[in-house]
Structures are given as C-alpha cells and as structure tokens.
Amino acid sequence: MTMPERDYQPDQFEPRWAERWAQAEPSAPEGQKQKYYVLEMLPYPSGALHMGHVRNYAIGDAVARQLRMRGYDVLHPMGWDAFGLPAENAAIKNRRHPREWTLANIAHMREQARRFGFSYDWAREVTTCLPEYYRWNQWLFLKFYERGWAYRKRGWVNWCPQCATVLANEQVAGGVCWRHEDTPVESRELEQWYFKITDFAGELLRDLEQLGGWPERVRAMQRNWIGESYGAEVEYQLQPPGQGSRPAPVSASAPVSLKIFTTRIDTIFGVSALVLAPRHPALAGMLAAPELARAHALQPERGAAPLGTEAEKEGFFTGWHAINPFTGRPIPVWTANFVLMDYGTGAIMAVPAHDERDFDFCRKYGLPIPVVIRPSQPDAPVPADAAFTEDGVLVNSGEFSGLDSAEARKRMAAWIEARRQGRATITYRLQDWGVSRQRYWGTPIPFIYCPDCGLVPVPQDQLPVQLPENVPISAQGVANLAGIPEFVETTCPRCQKPARRETDTMDTFVDSSWYFYRYLSPHNDGAPFDAAEARRWMPVDQYIGGIEHAILHLIYARFFTKAMRDLGLCNVPEPFLRLFTQGMITRHGAKMSKSKGNVVDPADLIARYGADATRAYVLFAAPPERDFDWNDQGVEGLYRFLGRVYRLAQRHEMDASLLPTDFAPQNSEWQLLRKTHQTLARISQEFESRWHFNTCLAAIMELVNVFYELEPEAGKGIRPAVWRDCLRILVLMLAPFAPFVCAEIWQAWGLRDTPAAQTWPRANPSWTAEDEVEIVIQINGKVRTHLRVRASSDAAELERWALGLPAVQTALAGRSPVKVIAIPGRLVNIVMRP
RNA sequence: GCGAGAGUGGCGGAACUGGCAGACGCCCUGGAUUUAGGUUCCAGUGCCCGCAAGGGCGUGGGGGUUCGAGUCCCCCCUCUCGCACCA
C-alpha cells in the first residue's frame with residue numbers, strides 16, 4: 001500500500017511547523033547531558049532579515065540541531081542589538097520614536113526567524129534597548145568605575161560629522177567612519193569616558209595563543225591591533241633656547257625634561273634630534289603662541305594622506321635642546337607631523353642612520369646622520385643612501401661599542417634605569433576604549449555632576465537611569481540627552497542639592513560585549529547574570545558570525561570577560577572557545593545593497609521556494625567560510641532536490657523498527673546499505689571537522705540518486721526492513737539542513753515526534769567497507785585500464801594480475817618493465833623506458 | 001609596501017592523507033510522460049582530433065622533487081580581504 005503522492009509545496013506545511021516550534025517550551029536542561037553553547041552574533045534590528053543573517057543562522061542552526069541529536073544539552077539563544085544610530089535616523093525620517101521603530105522591527109524579524117525554523121530558545125531572548133537589559137550596562141559601568149577601569153579624560157578624539165558623535169579608534173578605518181565610508185573623521189578635543197582596556201592589553205595578546213579554535217586570520221588581526229612592542233623609555237633633560245650661559249626666560253609651565261619611547265635604545269649614541277608630536281602637551285610650555293599654532297597646524301587630519309602614500313615629513317626646530325643621557329651632549333628638539341601623539345609617549349628620538357623615517361626627516365632638514373650600528377657580518381653590504389635598520393654590532397657608542405644589538409639593549413636599559421632616567425618598558429598600539437556617545441538612543445551613563453560633590457556615581461539602587469520617553473524629534477535629528485531638561489536636572493545623591501546628569505550615552509558595543517551572559521538568566525533582576533548558570537554554560541563553545549567583527553566586537557567582548565572575571569562575576573578567561581567566521585554573500589560580484597539594487601530578500605525566497613530550500617541552498621552553494629555569489633537558479637536546484645526526497649519518502653511506508661546491526665544483507669541490499677552508511681559517516685565526520693555542509697548536501701543528493709536507481713528493487717531484491725532503515729537514516733541526516741520537510745515526512749510516516757528529537761544515527765562500519773574495489777592500471781603514470789579486485793588483494797597479486805592484462809601486454813610489446821608500483825586498494829603503475 | 005587568503009569546465013563548487021581531475025548542483029542538449037506548456041523521470045554534457053575504437057591536451061604561468069603532483073618545494077602573475085609613518 002502506498003500513500004497518495006503529493007507535490008512538494010512547502011508553503012502548505014512549513015508555517016504549521018514554524019508555529020508549533022515557536023510555541024514549544026524549550027527542552028528542560030538535563031544535568032547529566034554535556035552542555036554545548038552555540039551562539040550566533042545578535043543582529044541589529046534594521047527592519048528585516050537579510051541573506052547574511054540567513055547564512056549565519058543556517059550554519060548555526062544546522063550545528064545546534066545536529067548536536068542535540070547527538071545528545072548534547074544545547075543552548076542556542078537569540079537577541080537584538082537594539083540601540084544605535086539607525087533608529088534615530090529612522091525617527092527623523094518617519095517622525096516615529098526610535099523605540100517604537102526598533103520594537104516593531106524586532107517583532108517582524110523574530111517572526112521571520114521563526115518562519116525559517118531556526119531553533120532558538122525564545123524564552124531567553126534579550127533586547128538591549130530595554131531597561132531590564134541596559135540597567136546592567138550601567139551596573140557594570142559603575143563596577144568598572146570602582147576599579148578605575150572607567151574614567152574621564154580630556155583628549156583628542158575621533159568625531160564623525162555624519163553620526164554627530166565621537167567614535168572609538170576601533171571604529172575608524174582608514175580615516176573614515178565605520179558606518180559612513182565616505183565621511184572622513186575629524187578630530188576634536190573633548191572630555192570623554194574611557195574604558196581601561198589597555199590594562200588588559202598584555203593578557204588579551206597572550207591569551208590569543210590559547211584560542212586554537214579561532215581562525216588564524218582573526219588572531220593575527222587582533223595581534224596587530226594590540227601591537228605590543230618591547231623597548232625603553234628614556235628621559236632627556238631639557239635646555240631652554242638661548243646662547244651660552246644666558247638662557248631666555250621661560251614660562252612657569254616650561255617642562256624640564258621629556259620622555260621618549262624607543263625600541264632601539266641600542267642606537268641612542270646616534271640620536272640627531274628629539275621629535276615631538278605636534279599636539280604634545282609639553283609644547284605649550286616651550287613655544288610662544290605663534291609657534292604653538294604653527295605646530296598644531298602640522299597635525300595631519302586622520303586619513304588626510306591619500307591611500308597608499310605617506311604625507312611629506314614636515315617639522316621645525318623648537319629652539320630647545322635636550323641632553324642625551326648617554327653622551328651628555330645637547331641635541332635639538334623638533335616637532336614634526338610624522339610623530340604620533342597616540343603612541344608611546346608622543347615623542348621620539350630620531351636616529352637617522354638606523355631608521356627609515358628618521359633618515360628621510362633628518363636628510364630633508366640637514367641634520368647629521370651618525371652611524372652607530374654595523375652589520376654583524378663585517379663584509380655584509382651596508383645601504384649606501386638609506387638607513388641600516390637591522391640589528392648589528394654597536395660602534396661609536398662609548399663603553400657599549402662592540403656589543404651586539406640585543407645584548408646592548410639589555411645593558412643600556414639597565415644603565416639608564418640605574419640612573420633613574422629611564423627603564424625597559426612595553427608599549428601597546430591599543431588605546432583605551434572611548435565609550436562616550438553624544439546620542440539619544442543608547443544606555444545613559446549613570447553619573448551626576450554636583451557643583452559641590454563633583455562627579456557622583458548614581459547609586460546602584462537607583463538604577464536604571466531610564467532613557468527619557470519624551471524626546472524632541474525634528475528634521476535635524478533626535479535631541480541628545482543634553483537637550484532634555486527633565487533628564488538633565490536632578491539632585492545630587494550625596495548632598496541632595498540641584499545637580500546635572502551625565503548626558504553621554506554608551507557606545508553600543510558595550511551592549512554586545514556581554515549579552516551572551518545575559519541569555520543565561522535573562523530575567524534575573526538581582527544581577528546581570530546568575531553565576532551558577534555562567535559556571536554551567538560558559539565559555540561559549542562555538543561562536544559564529546561575520547569577519548567584520550574580527551577586531552571591534554571580539555576584542556571588546558574578550559576585555560569584558562576578563563574584567564568581569566576580575567570582578568568575581570564569572571570564572572572564565574575567554575568568552576569564545578571556538579570562532580567561525582562565515583563568508584559574505586555577494587550578487588553580481590558586489591556586496592548586496594539597496595543602492596546597487598542587487599539585494600535578494602529572504603522573504604521573497606520563502607514565498608517562492610520555502611525556508612528549507614533557502615537554508616539548504618545557502619549551505620550548498622559554497623563552504624560556509626567562503627564568500628559566494630548568489631545564483632537565482634541555484635535555489636531552484638535545492639527546491640527540486642527537496643521535492644525529490646519528499647516524493648520518494650511518500651511512496652514508501654515506514655515503521656519504527658530498526659535493522660539489527662548483525663543483519664546479513666544480500667544482493668542489492670548491500671549497495672543501498674553501503675551508500676547510506678558511507679554517506680552517514682561522511683556527514684558525521686564533516687560536522688566534527690570542517691563544516692563543509694556543501695559536500696554534506698552533495699553526498700545526500702548522491703544517496704537520493706541511488707534510492708531512485710534502486711527503487712524498482714524495493715520490496716523485491718531489497719527487503720522492506722532494509723529499505724525503511726536506509727530511508728529513515730536519509731531523513732535524519734537531512735533534518736539539520738531542512739528541518740521542515742523532514743518533520744513533515746516523519747509525520748506522514750506516522751512516527752512519533754520529529755527527526756530533531758531522534759538520536760543521530762551511527763554508521764555501521766561493517767557496511768561502509770567495500771568488498772571489491774576498482775584498481776587503476778597505469779603505464780608510465782597514465783591511466784590505461786582498470787581492474788576489479790577483492791579489496792583485500794595485496795601488492796604482489798595486483799602486480800601479477802596487472803601484468804597479465806591484454807592492454808598491458810600490448811603496451812609492453814615483449815619488453816619487461818623497469819619498475820612496477822602496486823598500491824593495494826588504489827593502483828598499479830607500470831614504468832617502462834620510453 | 002607589509003600581513004592573511006584564493007586562482008580547477010559556460011557557472012557555483014568536489015577531490016581532507018601525493019594515487020582515475022571535474023563528485024554534487026546550475027546552465028545547456030536529447031529522450032520518455034503530457035492535448036500542450038510547465039512539472040516529473042531518464043540520458044548526455046572539460047577542450048581538441050576521430051564515424052568509431054581510440055588518442056592528445058588540461059587545475060593562473062614557469063621550473064623542480066616523485067613511478068605518480070590540483071595537492072609538496074622554488075620563482076613569477078592575478079584577484080580578494082586586513083593594516084597604513086606604531087619609533
């Protein structure tokens with residue numbers, strides 16, 4: 001008896017399952033099962049899911065579903081990165097409150113995610129713009145403040161005129177804003193809140209070594225970003241301008257010494273000048289107003305130089321001199337555009353003979369170029385008209401002459417340290433994270449400015465500091481908090497006198513730095529998260545997301561975990577054990593964007609082909625870590641394939657009985673069992689290694705082709721029990737990639753639950769092995785013929801049989817081969833002289 | 001310039017350890033089913049020569065190691081991504 005065959009029409013059953021799964025209570029955690037935390041990067045609720053989301057979640061869901069079938073207790077949550085500027089821009093456009101717009105988008109996107117069948121535990125959903133969440137941003141901010149990890153500082157900051165707010169260094173790439181690629185970032189001098197991520201720089205760098213489950217590319221990017229350099233600080237005493245014994249009068253704020261950072265203290269006998277960054281604070285006490293202005297004019301705007309070039313080096317002599325502590329001789333102090341205030345001490349010693357930049361600069365301005373390092377190999381060539389920048393042997397360096405560079409660096413650092421004019425030190429390129437934003441739609445920073453008490457943290461029991469509901473929205477924008485008097489005006493928690501609230505909000509990267517802890521106890525109102533839950537679930541076993549967060553989000557989140565560990569909130573040093581970065585989906589060779597008109601809308605795909613075909617195609621098109629270009633016909637291929645499976649399954653009855661493992665197959669049963677179990681072994685292996693789901697789906701397609709080929713044998717040469725067993729395995733293997741159609745088939749078969757609730761099948765090794773193999777016969781490395789032999793045939797047998805083949809006899813033409821290579825199970829190569 | 005990754009049919013890709021290059025899918029062609037179109041099912045499909053049997057060529061280019069190289073080594077070319085005077 002066969003069931004009536006129906007066409008594959010996913011819209012007739014997918015919504016039904018989606019609804020059922022959305023309402024299903026998450027399976028209760030079972031203590032004895034091993035935990036596995038699968039996390040996908042939470043999306044910004046921009047309005048609708050895009051293909052990038054679909055790819056990210058299709059990968060994560062396949063992994064989560066397969067792990068559940070393998071018996072893990074899987075945590076697979078989802079949430080919304082709901083604060084941020086697009087909501088304000090939308091507010092301006094539609095005169096709609098950012099909260100309304102955001103929550104409406106979330107509702108829609110959650111519905112889309114459900115329609116796709118992504119198996120999230122919706123009871124754990126987190127929305128960062130709700131006070132239940134952001135109060136814990138504020139709570140953590142205050143904890144950081146107590147530890148000195150949150151502090152205020154006046155300094156030059158990146159300002160994006162489009163965003164009308166400050167940006168962190170990580171959010172500026174190539175001189176432009178990360179959200180506005182056509183907007184150069186300006187620099188402004190402002191007082192801002194910072195997180196002291198530099199306190200963790202060394203640990204953030206070292207612990208990268210233990211992140212073996214991360215792509216090397218991401219680790220390299222973070223390593224470069226942190227930028228650790230071993231070197232020394234050296235303090236130079238200053239001499240004001242003036243001739244001989246009559247120094248010119250200097251102001252009270254005049255500095256008496258200057259600290260520089262160098263990685264090459266071994267070259268210090270070759271210093272021609274000290275050079276200060278144009279914005280070095282010491283210059284204010286060294287230069288008269290016109291010169292100071294001249295110095296400030298040297299400061300290049302970030303990204304001012306065209307890409308691929310460096311600005312011409314420019315600077316001028318300040319009139320001051322500094323005493324080289326090693327030689328006792330005065331050297332001129334300059335200021336120049338090529339010295340960065342943000343790195344080291346903002347001042348360098350210029351050693352033109354041994355640094356390319358210093359060489360360019362000193363040659364341009366006619367400063368001397370004394371040589372103090374020679375190559376270790378006496379006959380090695382020395383660059384004629386360039387700096388020799390490698391390590392070597394010191395010359396003209398007083399008592400240090402003759403030492404090699406590495407040894408000299410140690411001794412010279414010790415020498416300067418003994419004189420208390422310097423020390424060996426480590427410098428990082430990484431700078432503290434500027435977290436202030438001058439925007440409305442973010443977490444208010446919980447501080448109060450009191451005329452009497454100064455800066456006062458908002459007491460913990462008064463959290464959250466709520467974002468005011470009523471905010472003026474005009475064509476110019478959403479007012480920031482400074483423009484909302486009801487918010488600003490408050491009373492001092494200490495003295496109760498009138499006071500002002502801090503009006504900056506937090507960078508939204510604060511929200512995403514710890515959201516994956518909030519999933520563990522999303523409704524806890526006594527703490528950001530439950531420590532016992534964190535002990536059970538952290539670290540995240542597998543994080544999946546886009547490479548674009550390689551530095552920003554992933555370094556901030558690592559920093560938060562380390563800080564929270566030091567606060568005693570959690571006990572792991574790293575948040576993400578394994579990281580998988582999926583590739584981009586392009587179309588017509590370009591990133592999908594509305595302006596290019598090359599967007600594929602997941603909603604349209606669901607309507608035409610259903611969620612399963614869309615998910616499966618996204619996985620089939622390429623290995624998940626690679627970029628791929630969207631092909632409209634490709635989805636149709638997967639739609640056809642799922643239809644093939646659906647129809648095949650409908651044509652056959654099912655029962656719940658399993659084939660015994662010691663079952664003795666006969667005739668074509670072997671073929672089906674072997675193919676099924678070989679496919680199963682391949683897919684099981686792929687889940688535990690590369691995640692090349694494209695080959696998994698290809699393997700399932702091959703298997704389905706075999707089913708079609710053998711279908712006339714079903715119930716004849718292939719007994720029903722064998723046919724059913726293989727068919728059931730097919731559906732179970734497909735279930736992580738196309739859960740709807742598999743559930744539908746399961747139900748149509750009259751079986752209980754869904755494939756997702758079944759145990760992942762185990763490949764039977766006695767059925768995967770081939771008993772016969774085809775051996776390639778080569779002559780001089782070229783395939784000439786084939787030979788079918790028992791799989792167990794040894795090399796001697798193979799050689800004997802191969803040499804007896806007519807084709808080989810013809811080729812040999814009576815001569816004897818020079819050599820015969822026989823590899824059991826693979827080939828025989830007969831080597832002859834040409 | 002520096003760092004990382006990638007170059008395989010008309011297209012996406014497969015070949016994980018050196019052992020039949022092109023699995024699987026798309027496109028295209030033909031056949032069956034169908035009143036017809038669509039759907040479905042089956043077959044063909046790297047390039048060149050050949051009616052065929054068969055042969056030659058072929059994984060960006062050049063060289064090398066090896067019985068044997070898409071895979072290992074050296075040199076070069078192209079593309080993608082990241083970094084951008086970090087002393």
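Chain letters run A, B, ... following the sequence lines, proteins first, then strands; residues in each count from 1. Because the structure is predicted, anything quoted here is derived from the model rather than measured.
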How long is the line joining CG of A:Leu648 and P of B:rC41, in whole Å?
-> 10 Å

Closer than 4.0 Å, any side-chain N/O of A:Tyr708 to the OP1 or OP2 of B:rC42?
-> no

A:Asn780 atom CG is separated from B:rU66 atom C1', nearest whole Å, by 14 Å

Say you pick atom C1' in B:rG9 and the same atom in B:rG44; how far apart are they, in whole Å?
-> 15 Å

When rounded to the nearest Å, what value does the distance between C1' atoms of B:rC24 and B:rU45 take?
-> 15 Å

Spacing between A:Ile547 atom CD1 and B:rA6 atom P, to the nearest angstrom = 13 Å

How many angstroms lie between CG in A:Leu803 and CD in A:Gln809, if you round to the nearest 0.5 Å?
-> 7.5 Å

With sequence neighbours left out, the residues meeting side-chain hydrogen bond (donor to acceptor under 3.5 Å, both in side chains) with A:Tyr365 are none

State the pairing partner of B:rA23; accept Watson-Crick or G-U wobble contacts with both distances under 3.5 Å, and report none otherwise.
-> none

Test ring-ring contact (aromatic ring centres under 6.0 Å, His included), reference A:Tyr617, set A:Tyr639, A:Tyr609, A:Trp630, output is A:Trp630

Considering Watson-Crick and G-U wobble pairs with both distances under 3.5 Å, what does B:rA32 pair with?
-> B:rU40

Kindly write out the residues that satisfy side chain to side chain contact (heavy atoms under 4.5 Å, CB included) with A:Arg223, not counting sequence neighbours, or none if the list is empty.
-> A:Leu205, A:Leu208, A:Glu209, A:Glu216, A:Arg219, A:Ala220

Rounded distance in Å - CD (A:Glu625) to P (B:rA14) | 9 Å

Who passes side-chain hydrogen bond (donor to acceptor under 3.5 Å, both in side chains) against A:Asp385, sequence neighbours left out?
-> A:Arg363

First encountered from the 5' end of RNA chain B, between A:Tyr343 and A:Asp627 | A:Asp627

Using distance alone, with no hydrogens and no angle criterion, decide if A:Glu713 and A:Gln671 have a side-chain donor and acceptor under 3.5 Å apart.
-> no

A:Phe580: ring-ring contact (aromatic ring centres under 6.0 Å, His included) partners, not counting sequence neighbours = A:Trp691

For B:rG61, is chi within 90° of 0 (syn) or not (anti)?
-> anti

Whole angstrom value for the distance that separates C1' of B:rC11 from CG of A:Asp632 = 13 Å

Distance, P atom - from B:rC79 to B:rA84, rounded to whole angstrom = 22 Å

Does A:Thr262 or A:Gln685 map to a spot on RNA chain B nearer the 5' end, using the closest nucleotide for each?
-> A:Gln685

B:rA4 OP1/OP2 closer than 4.0 Å to side-chain N/O of A:Arg223 | no

Whole-Å distance between B:rA15 P and A:Glu686 CD?
-> 8 Å

Verify whether one side chain among A:Glu235 and A:Ser257 offers a donor that lies under 3.5 Å from an acceptor in the other.
-> yes

Using the C1' atoms only, state how far B:rU34 lies from B:rC49, rounded to an integer number of Å.
-> 41 Å

Any residue meeting ring-ring contact (aromatic ring centres under 6.0 Å, His included) with A:Phe707, in chain and number order, not counting sequence neighbours = A:Trp723

Go along nucleotides 19-28 of chain B 5' to 3' and tag each nucleotide: B for a protein heavy atom under 4.0 Å from its base, S when only backbone or sugar atoms are that close, - otherwise.
-> BB--BBSSS-

Does A:Lys782 place a side-chain N or O at less than 4.0 Å from the phosphate oxygens OP1/OP2 of B:rC57?
-> yes

Mate of B:rC2 across any strand shown (Watson-Crick or G-U wobble, both atom pairs under 3.5 Å) is B:rG82

Under 3.5 Å, is there a donor-acceptor pair linking the side chains of A:Arg690 and A:Gln685?
-> no

Look at the side-chain N and O atoms of A:Arg587 and state whether any lies under 4.0 Å from the OP1 or OP2 oxygen of B:rG12.
-> no

Identify which nucleotide among B:rC83, B:rA87, B:rA14 has an atom closest to any side-chain atom of A:Arg429, counting heavy atoms from C-beta outward.
-> B:rC83

Taking atom C1' in both B:rC74 and B:rC26, compute the distance separating them and give it to the nearest angstrom.
-> 39 Å

Nearest to the side chain of A:Phe261, which nucleotide is it out of B:rA87, B:rC42, B:rA15?
-> B:rA87

Measure the distance from CZ on A:Arg784 to C1' on B:rG56 and round it to the nearest whole Å.
-> 10 Å

Would you mind classifying the nucleic acid contact of A:Val339 as base, sugar-phosphate or nothing, using non-hydrogen atoms under 4.0 angstrom?
-> base

Across the strands shown, which category fits A:Ala220 at heavy-atom distances under 4.0 angstrom: base, sugar-phosphate, nothing?
-> nothing

Check every strand shown and say whether A:Thr427 touches a base, only sugar-phosphate, or nothing at a heavy-atom separation below 4.0 Å.
-> nothing

Atom C1', compared across B:rG50 and B:rU65: separation rounded to whole Å = 37 Å

Nucleotide opposite B:rU65 in a Watson-Crick or G-U pair, distances under 3.5 Å | none

For nucleotides B:rG60 and B:rC11, find the distance between their P atoms and express it as a whole number of Å.
-> 13 Å

Between B:rG12 (P) and A:Met51 (CE): distance, integer Å = 18 Å

Any-strand Watson-Crick or G-U partner of B:rG46, both distances under 3.5 Å | B:rC57

If we take the C1' atom in both B:rU71 and B:rU59, what is their distance in whole Å?
-> 10 Å

